[in-house]
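The chains referred to below are lettered A, B, ... by the order of the sequence lines, with proteins before strands, and numbering in each begins at 1.
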Amino acid sequence: MKFQAPRGTEDILPSQSAIWQTLEHHFQTLVEKFGYAEIRTPAFEDSDLFRRTAGEASDIVTKEMYDFKDKGDRNVTLKPEGTAPAMRAVIQYALCPPGNHLRLWYLTPFFRYGRPARGRWRQAHQLGCELLGSSSAQADAEVLEIAMTFMAQIGLGDEPVMINSIGRDECRAKYREVVLQHMAAYLADQEAEARALAEKNPLGLLDSKDPKAKDALVGLAPITDFLEDDSKARFESLQELLTEAEVPYKVAPYVVRGLDYYTETVFEFESKHLEGLSLFGGGRYDNLVKEIGGPATPCVGFGIGVERVILALEAMKKLPVAKGPDVFVVAATADAGGYCRKLVRDLRAQGFRVEWDVDNRSFKSQLRQADKSTAPFAVLVGTEEIETETLKVRHLNKGEQREIPQHELSEVLRTWESANK
RNA sequence: GCGGAUGUAGCUCAGUGGUUAGAGCGCCUGACUGUGGCUCAGGAGGUCGCGGGUUCAAUUCUCGUUAUCCGCCCCA
């Protein structure tokens, strides 16, 4: 085997495409009920866009950017997430002037240059929503309701979403000092590299998996103790709204998110079927649009990792199955080829999903193919049927067979109960 | 980016320092010439990841490389 898919990428094979189509269909149907419109942005952007939005200190920028120079010597980056490009387009085309609202959704590939492992790819896909122009708790509740309704619809609604508030810039600045002070003893014991990382992003310590760090965190006051009054009020209001909407949630002080642009509300969702990897995450990013040159615009949104959702569904054995054809047409004798071609065309024109053997293989082989195709019916045509203007319709699941006049075929196919195997 | 494991048929995996490298599943053909699923028989299909080294001889030992998987960092 000479070529294979590039490292960290995945082909979506015919046997898997039904899953993707099902997820996409559920998502689109759902978000359209909430008035969201789709946006599609390029696969790559000016590297500076992500440097500004993700934050210089974040891991995404410091080591996971899939960036390169193009032939025109431009620095470009394959998008590491869906939000920043969408916001760039919003600004470029003035889609959300001050005072307006805008609701966007997308399904996009995204790219991160890390070492692939379980639930972690270099190219993956994100289903996302962004609600622009509102700073209300109701906006936060709306996007969370969408995300959690989707999870419930596809069968992953058993667990609550973890929510937190990280407040405004001033609050986080204050809290960073608190964390650093609380963790000083722990950090003194760490490698220089870990210490530098922690000093750049102290909040990252909060969801550390290091048992020592976890011990050291005991007794640390949650960030919600340091929220400004309006942030606190909004966070409380959000919880009431989620309860009212029957969205299961849990307040989790350690959820802080890795991208610099988040403010106030943040959230993350994990499944017990895929521990340690979030299936979706998001929150409020009130500063992002202004940061990249647009008018100050409060926003909230989320991104769902499609591959991870599928992994979780696989673990639960809840995958949808691809639908086979409705009918398999079998030429019982070699002279029936022409008749079969016409019959196949007619049936397709009537809306049936029809397969047949283009290789004129043996009758037995054609029936075997019919069986494998999962079609509930086989239609058999040979010299005899052509002469008498009849057809044999075989119900492959039941093993029954009927001989019918040719003009009754579509009627029989529609009315004969086609229970699945 | 760091650590560990693995790489033999389409798939899941056995196996051996030396003739023609195997199994199960899958695939194809056939079992009184027009009836699938079950059974039986036969068949196709492999440069044993790639490159170097040791050796009379390497798929087997060794080194490198590459890829995959798992864990970590981080996140979707």
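- Ion pairing of A:E400 with A:R402 is absent here, as no side-chain N (NZ or NE/NH1/NH2) approaches a carboxylate O to less than 4.0 Å.
- The ring pair (Phe, Tyr, Trp, His ring centres under 6.0 Å) pairs that include a residue from residues 162-199 of chain A are A:Y175-A:F226, where partners are two or more places apart or lie in different chains.
- When the C1' atom is used for both B:C72 and B:G64, the distance is 25 Å, rounded to whole Å.
- Nucleotides B:G18 and B:G26, compared at atom C1', are 33 Å apart to the nearest Å.
- Within the 4.0 angstrom heavy-atom criterion, only backbone atoms of the sugar-phosphate kind lie near A:G8; the bases stay farther away.
- Comment: A:D169 engages A:R172 in a salt bridge, judged by a side-chain N to carboxylate O separation of less than 4.0 angstrom.
- One finds no side-chain N or O of A:K372 lying less than 4.0 angstrom from the OP1 or OP2 phosphate oxygen of B:G26.
- Nucleotides B:A23 and B:U8 place their C1' atoms 13 Å apart, quoted to the nearest Å.
- Cation-pi geometry between A:R122 and A:Y113 is satisfied (NZ or CZ under 6.0 Å from the ring centre, within 45° of the ring normal).
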Pairs under 3.5 Å (Watson-Crick or G-U), crossing ones as [ ], inter-strand ones as |: RNA chain B comes out as (((((((..((((....[...)))).(((((.......))))).....(((((..]....))))))))))))....

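- Counting non-hydrogen atoms under 4.0 angstrom, A:R308 reaches a base of the nucleic acid.
- Here, B:A76 and B:C13 have their P atoms 32 Å apart, quoted to the whole Å.
- At B:A76, none of the side-chain N or O atoms of A:R120 fall inside 4.0 Å of OP1 or OP2 (strictly under the cut-off).
- Across all strands shown, A:I304 has no heavy atoms under 4.0 Å from either base or sugar-phosphate atoms.
- Among the atoms of the strands shown, only primed sugar atoms or phosphate atoms (P, OP1, OP2) are found under 4.0 Å from some heavy atom of A:R118.
- A gap of 14 Å separates the C1' atoms of B:A14 and B:U59, to the nearest Å.
- One P atom belongs to B:U62, the other to B:U54, and the distance between them is 16 Å to the nearest Å.
- Residue A:E270 is out of contact with every strand shown, counting any heavy-atom pair closer than 4.0 Å.
- When heavy atoms are screened at a 4.0 angstrom cut-off, A:F363 is found touching base atoms of the nucleic acid.
- Side-chain to base pairing of A:R115 with B:G71: no donor and acceptor N or O lie closer than 3.5 Å to each other.
- Here the separation of B:G15 from B:U35, taken at their C1' atoms, is 43 Å to the nearest Å.
- A:K290 contributes atom NZ, which lies 13.0 Å from atom SG of A:C299 (distance to the nearest 0.5 angstrom).
- When only modelled atom types and interatomic distance are considered, A:Q28 and A:E24 share no side-chain donor-acceptor pair under 3.5 Å.
- Comparing the same atom, P, in B:C40 and in B:C25 gives a spacing of 9 Å after rounding to whole Å.
- A:R361 comes within 4.0 angstrom of sugar-phosphate atoms only, judged by non-hydrogen atoms across all strands, and of no base.
- The base of B:G36 is paired with the side chain of A:D371 by a donor and an acceptor separated by under 3.5 Å.
- The distance from atom CD of A:E145 to atom CD of A:E142, rounded to the nearest 0.5 Å, is 7.5 Å.
- Defined by atom type and a distance below 3.5 Å, a donor-acceptor pair is missing between the side-chain atoms of A:S231 and A:S165.
- A:D67 and A:S47 form no side-chain donor-acceptor contact under 3.5 Å, judged by distance and modelled atom types alone.
- Remark: A:A332, A:T333 in residues 328-344 of chain A come within less than 4.0 Å of RNA chain B through at least one heavy atom.
- The closest side-chain donor-acceptor pair between A:E130 and A:Y106 falls under 3.5 angstrom.
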